[in-house]
Trainee: 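One structure coming up, written as structure tokens, with questions to follow.
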Amino acid sequence: MCRDPRRGEAGGEVSTQPARWSQRLAPAASSTPSERGAEVGRRIGVGLMYGLWKPRVLGSWRVPAAGPVIFAVNHSHNIDGPMVMGVAPRPTHFLIKKEAFIGPLDPFLLRIGQLKVDRESTDRGAVTQALDVLKNGGVLGIFPEGSRGEGDFAALRAGLAYFAVRGNAPIVPVAVLGSSERRGRLVKGLPPLRSRVDVVFGDPFDASDGTGRRTRKALDEATERIQKQLTAHLENAKRLTGR
């Protein structure tokens with residue numbers, strides 16, 4: 001969900017309910033996002049996602065058990081981020097546009113290890129935090145399309161390639177299917193309660209060309225390779241789930 005850190009573009013969003021949890025967590029660190037907080041966020045996500053909907057998770061065993069990883073997630077609905085947080089086998093730090101950090105969501109999202117990104121400027125602080133997550137062997141969640149849309153990986157931003165190459169981290173493609181198919185009757189902005197949402201994790205892959213180059217051309221080439229991998233994973237996920 002971070003666009004191109006070289007040009008200061010970023011995007012993506014996530015939504016969850018802070019309520020009683022926001023006061024239970026220790027204040028977030030001003031630099032490196034809290035791994036402990038992200039684990040608490042994962043546990044909250046488990047309760048919410050499995051309580052409200054019926055996630056079907058495929059391929060979670062493909063996620064490396066340790067070391068830096070980037071989840072590249074398609075994005076067609078607000079619940080895609082929380083859904084991945086709740087079903088992933090490891091706590092995840094998502095890059096989230098700053099507009100989502102409003103009211104009590106601001107301290108809550110920070111305390112569960114999520115990263116605030118300013119889309120209107122070169123947010124070097126957010127870039128540094130994201131790289132720190134990978135440096136510390138954590139999981140970074142990115143919506144590579146930049147913002148909510150068709151969720152088909154048709155238009156990728158260069159941010160994903162930048163973090164994969166610079167952070168020396170494999171990319172795990174993640175397809176969330178069913179979150180935007182129908183609107184709920186009680187809450188129009190959400191999928192119908194107890195409906196099935198599929199989350200399919202793919203095989204991790206290396207986005208670099210093995211040369212260690214970090215030039216603009218190298219990142220553009222990496223973005224093309226990434227798009228092919230993500231598109232192929234999405235097509236396979238649709239076949240597997242019948243979506």
Side-chain angles (χ1 to χ4, degrees), residues 1-4 10-14 42 45 49 55-77 79-96 130 133-134 137-181 197-210 219-243:
M1 58 191 275
C2 181
R3 297 186 183 179
D4 189 342
E13 54 194 89
V14 66
R42 189 185 72 83
M49 297 303 108
R56 181 173 63 169
V57 184
L58 303 175
S60 61
W61 56 269
R62 295 188 172 98
V63 178
V69 174
I70 296 176
F71 286 160
V73 187
N74 67 323
H75 195 23
S76 61
H77 197 282
I79 73 161
D80 295 338
M83 182 64 69
V84 173
M85 287 177 63
V87 305
R90 295 175 59 184
T92 307
H93 305 268
F94 266 100
L95 282 163
I96 305 170
V133 166
L134 299 175
V139 179
L140 181 66
I142 296 179
F143 295 116
E145 295 160 290
S147 60
R148 192 170 69 252
E150 296 299 321
D152 56 3
F153 293 125
L156 302 192
R157 308 299 179 181
L160 176 54
Y162 175 84
F163 288 119
V165 174
R166 181 76 182 273
N168 194 28
I171 296 173
V172 171
V174 185
V176 181
L177 303 172
S179 60
S180 60
E181 287 182 350
V197 177
D198 293 319
V199 182
V200 185
F201 294 87
D203 291 317
F205 65 92
D206 185 358
S208 71
D209 60 4
L219 294 180
D220 288 343
E221 292 172 352
T223 298
E224 292 181 9
R225 290 192 294 271
I226 290 170
Q227 186 168 29
K228 291 179 181 178
Q229 292 271 11
L230 299 186
T231 300
H233 171 68
L234 183 60
E235 293 174 353
N236 184 55
K238 289 179 178 179
R239 288 194 296 269
L240 287 174
T241 60
R243 294 284 187 178

Trainee: How long is the straight-line distance from CG of Leu219 back to CD of Glu224, given to the nearest 0.5 Å?
Mentor: 12.0 Å
Trainee: Taking the side chain as everything from C-beta on, heavy atoms only, tell me whether His77 gets closer than 4.5 Å to Val176.
Mentor: no
Trainee: What I'd like to find out is whether the side chain of Val139 reaches to under 4.5 Å of the side chain of Val133, using heavy atoms alone.
Mentor: no
Trainee: Is the number of heavy atoms from other residues, nucleotides or ligands within 6.0 Å of CG (Asn168) greater than 12?
Mentor: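 No.
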Trainee: Quick check: closest heavy atoms across Ala161 and Thr223, and the distance to 0.1 Å?
Mentor: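 Smallest heavy-atom distance, with atoms named: CB-OG1, 3.5 Å.
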Trainee: So, taking the atom named CG in Asp206 and the one named CD1 in Ile226, what distance separates them when rounded to the nearest 0.5 Å?
Mentor: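 CD1 of Ile226 is found 9.5 Å from CG of Asp206.
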Trainee: Measuring from atom CD1 of Ile171 to atom CZ of Phe163, what distance do you get when rounded to the nearest 0.5 angstrom?
Mentor: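 These two atoms lie 11.5 Å from each other.
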Trainee: When the side chains of residues 57-64 are checked against the rest of the protein, which donor-acceptor pairs come out under 3.5 Å, sequence neighbours left out?
Mentor:
residue	atom	partner	partner atom	Å
Arg62	NE	Asp203	OD1	2.9
Arg62	NH1	Phe201	O	3.1

Trainee: Quick check: closest heavy atoms across Asp198 and Arg56, and the distance to 0.1 Å?
Mentor: OD1-NE, 2.8 Å
Trainee: Could you name each residue pair satisfying salt bridge (charged side-chain N to carboxylate O under 4.0 Å, His left out) that touches residues 159-169, not counting sequence neighbours?
Mentor: none
Trainee: Please tabulate, for the side chains in residues 66-73, all donor-acceptor contacts under 3.5 angstrom to protein atoms that are two or more places apart in sequence or on a different chain.
Mentor:
none

Trainee: What closest approach, in Å, do Arg42 and Met85 show between heavy atoms, and which atom pair accounts for it?
Mentor: CG-O, 3.1 Å
Trainee: Where is the tightest heavy-atom contact between Ser179 and Asp80, given as atom of each residue plus distance?
Mentor: OG-OD1, 2.8 Å
Trainee: Is there side-chain contact between Pro55 and Met83, with at least one heavy-atom pair below 4.5 Å?
Mentor: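 In contact.
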Trainee: Does some side-chain heavy atom of Leu177 sit less than 4.5 Å from a side-chain heavy atom of Leu234?
Mentor: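 Side-chain contact under 4.5 Å: yes.
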Trainee: Give, for atom CG of Asn236 and atom OG1 of Thr241, the distance between the pair rounded to the nearest 0.5 Å.
Mentor: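 So the CG of Asn236 and the OG1 of Thr241 are separated by 9.5 Å.
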